[in-house]
Amino acid sequence: MKDFQSSRRDFLRFGAAVGLAATLPVGLARASKTKTNANIVIIGAGAAGTAFANRMVQRLDGAKITIIDARKNHIYQPGLSLVAAGLKPQEYLVSTTREWLPKGVTLIEEQAAAVDPVAKTVTTASGQKVDYDFLVMAPGLVLDHDAIEGFSLDMVGTNGIGSLYAGPEYAAKTWAAASKFVENGGVGVFNRPATEMKCAGAPLKHTFLIDDIASRSGAKGKYQLNYTCPQTVLFSVPIVAEKVRMLFGQRGVATHYKYNLKAIDPGRRIATFSAVVTDPATGADKVTSVEMPWDYIHIIPPQRAPAVVRESGLSWADKWTDQGWMACDQGTLRHPQYSEIFALGDIAGVPKGKTAASVKWQVPVVEDHLVSQIQGREGTEIYTGYTSCPMITRVGQAMLVEFDYNNNLLPSFDGVIAPLEELWISWLMKEVALKATYNAMLRGKA
Amino acid sequence: MKELTLTTMIAVFEEIFGSGLFWAMMLLAAVITVAYVYVLIRDRAVSMRKFLWAQVSMPVGAVVAVVFVLAQTNSALRHTGGPVDVFVLLGVALLGAVGMAILVYTGQSLLRPPAQETK
């Protein structure tokens with residue numbers, strides 16, 4: 001009996017310790033809020049801007065935080081691939097910008113039109129001037145649909161045309177076009193642009209998903225898929241590119257390297273590519289125009305920095321000059337000339353990672369450097385280029401690929417979840433856990 | 001995952017099920033557990049007859065849990081691609097089996113206390 005009592009007391013003590021430990025991180029975070037009257041302006045209320053605003057409110061006491069974005073809706077972009085394959089409804093992606101923003105943050109529902117990094121002011125589309133001490137650029141990127149001759153967004157969903165990047169409505173229309181293809185079959189064409197792009201895995205995922213669904217639907221045995229890309233590899237990380245190459249081989253997806261989509265003719269259903277082909281006689285490369293017919297085509301346009309970045313002189317002068325990504329140190333994400341300006345998310349001119357996973361890893365880095373600067377110290381956190389891509393290879397399976405600037409694989413669950421294996425658990429992460437993690441990130445909790 | 005803390009995990013589960021449903025399920029699990037402990041203390045013995053029925057119900061709980069998870073996630077058994085997937089499936093089945101056994105045992109004990117059982 002005595003033993004029982006003592007063990008019960010130990011148990012209670014243990015329980016109290018666990019309970020205390022659970023509350024401790026929150027308590028400490030509250031205690032260490034930094035007092036400041038800094039004026040922080042965030043351009044863009046997407047994944048990066050919203051997560052950052054929440055982190056600032058949790059870290060700073062007295063700061064004036066302003067976020068500038070005209071978009072009323074917040075889009076959960078990692079889910080676009082699922083909607084475009086008929087696996088989730090359009091509504092799955094949409095919430096409001098406002099519902100994620102914490103109290104104490106001012107939202108200006110306008111487009112940012114210009115930044116004057118010398119006078120430290122942002123001018124909005126209506127001409128309102130907003131001063132800042134610190135500026136976080138998170139405006140996202142622009143899809144250059146006009147770069148594909150003959151294509152406009154109103155065509156999506158008709159004539160076998162899909163384009164899932166353009167937003168929830170277009171992702172749903174993409175499935176409207178693709179769902180006919182997976183029943184009737186024919187020739188499918190998928191492209192990747194020559195520019196940097198959001199989630200470089202998405203063109204591959206869409207190809208894999210359409211192939212998987214078609215192979216189990218009316219089109220079984222009656223379709224052929226063509227994947228085209230201007231690059232010479234399927235993915236920037238060599239070990240992943242090889243794996244995808246093998247999977248495409250097994251699934252019978254024909255790959256056309258050095259093919260750049262230039263124009264479409266929806267009436268005739270013909271896509272025109274500028275292609276680099278090798279002359280069989282001389283062995284020399286030459287650029288030529290190649291036509292490809294389609295029954296279903298998925299179009300991803302070139303992607304560029306928004307005008308507010310390019311026209312404010314914040315872009316790299318010597319890198320990606322046709323695309324205009326913001327100049328920043330790849331480790332700290334700080335602008336090389338203007339130490340109070342940081343880049344977050346798609347706009348960052350860094351070699352890898354325009355994904356929500358990159359944002360999750362970038363936000364704490366910028367947070368550290370900005371708060372440290374307020375405290376008169378040097379920040380220590382470094383962004384290593386980490387990004388992750390749950391590469392869906394069929395409905396129900398994915399590969400959880402995580403990597404950094406140096407193309408090293410960085411598995412979060414080393415020895416448990418193999419990054420290059422098609423697994424159900426990786427699918428579960430994408431399908432069930434990812435949105436939850438994303439939402440927690442938006443709220444500054446993960 | 002950068003930091004897998006308890007608060008992060010709770011935040012993630014709240015997002016999966018919604019705050020209301022998540023805490024309702026937690027509460028339900030807590031109530032059933034408390035009821036289970038209550039009948040054990042009250043009866044001061046494990047009824048082998050009830051335990052037998054609880055055991056018989058375990059495979060049903062396992063199958064129901066697996067079918068529920070597969071249906072919720074657009075997946076099928078053919079999607080198990082590696083050992084980790086088999087472990088996840090077994091884990092789900094085990095949770096379903098144990099949950100069902102506790103539920104069945106507690107339910108029987110509450111509806112038919114030992115006094116009635118001996119009559």
Side-chain angles (χ1 to χ4, degrees), chain A residues 18-19 21-26 29 76 82 85-88 209 212-213 216 357 360-361 363-365 386 388 392-400 402 412-413 415-418 420-446, chain B residues 1-27 29-30 33-34 37-38 40-41 44 62-63 65-96:
Chain A
V18 169
T23 59
L24 207 57
V26 179
Y76 170 60
L82 299 175
L87 297 166
K88 294 277 183 193
L209 281 171
D212 178 48
I213 299 168
R216 293 182 282 111
K360 185 158 147 35
W361 261 253
V363 164
V365 172
Y386 173 92
S388 111
I392 298 170
T393 55
R394 64 174 84 242
V395 179
Q397 283 188 335
M399 301 188 294
L400 188 62
E402 300 162 277
S412 287
F413 308 94
V416 180
I417 302 181
L420 299 177
E421 232 174 69
E422 297 179 75
L423 295 173
W424 177 54
I425 191 172
S426 303
W427 165 260
L428 291 183
M429 297 223 167
K430 168 84 186 177
E431 227 250 352
V432 186
L434 194 61
K435 191 176 181 189
T437 317
Y438 176 92
N439 288 350
M441 173 188 86
L442 286 188
R443 294 203 170 100
K445 287 196 223 161
Chain B
M1 307 284 143
K2 187 156 187 179
E3 292 157 19
L4 202 62
T5 61
L6 186 66
T7 41
T8 310
M9 287 303 290
I10 290 175
V12 166
F13 280 115
E14 277 186 299
E15 297 292 348
I16 291 177
F17 300 106
S19 264
L21 182 60
F22 172 67
W23 289 111
M25 291 195 311
M26 286 290 104
L27 190 68
T33 308
V34 168
V37 172
Y38 162 73
L40 285 185
I41 293 172
R44 298 199 179 267
V63 171
V66 168
V67 168
F68 175 73
V69 168
L70 291 177
Q72 287 289 308
T73 58
N74 282 310
S75 340
L77 281 180
R78 68 172 184 280
H79 294 133
T80 45
V84 62
D85 290 346
V86 177
F87 287 126
V88 172
L89 266 182
L90 288 176
V92 170
L94 189 68
L95 281 177

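Fair warning: this is a prediction, and the values are worked out from it, not measured in the lab. The chains referred to below are lettered A, B, ... by the order of the sequence lines, with proteins before strands, and numbering in each begins at 1.
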Under 4.5 Å to a heavy atom of chain B? For A:Glu422 that would be backbone

Okay, A:Leu423 and chain B: the region with an atom under 4.5 Å from a heavy atom over there is both

Of the listed B:Val88, B:Val69, B:Thr73, the one with the largest count of heavy-atom pairs under 4.5 Å with chain A is B:Thr73

- Has the side chain of B:Asp85 got a donor or acceptor atom that lies under 3.5 Å from a matching backbone atom of A:Trp424? yes

Does the side chain of A:Arg394 reach to within under 4.5 Å of the side chain of B:His79, using non-hydrogen atoms?
yes

One should read off an interatomic distance between A:Ile425 CD1 and B:Leu89 CG, to the nearest 0.5 angstrom, of 10.0 Å

Okay, B:Leu70 and chain A: the region with an atom under 4.5 Å from a heavy atom over there is side chain

When rounded to the nearest 0.5 Å, the distance separating CD of A:Gln397 from OG1 of B:Thr80 is 8.0 Å

query: Below 4.5 Å, heavy atoms only, C-beta onward: do B:Asn74 and A:Trp427 meet side chain to side chain?
result: yes

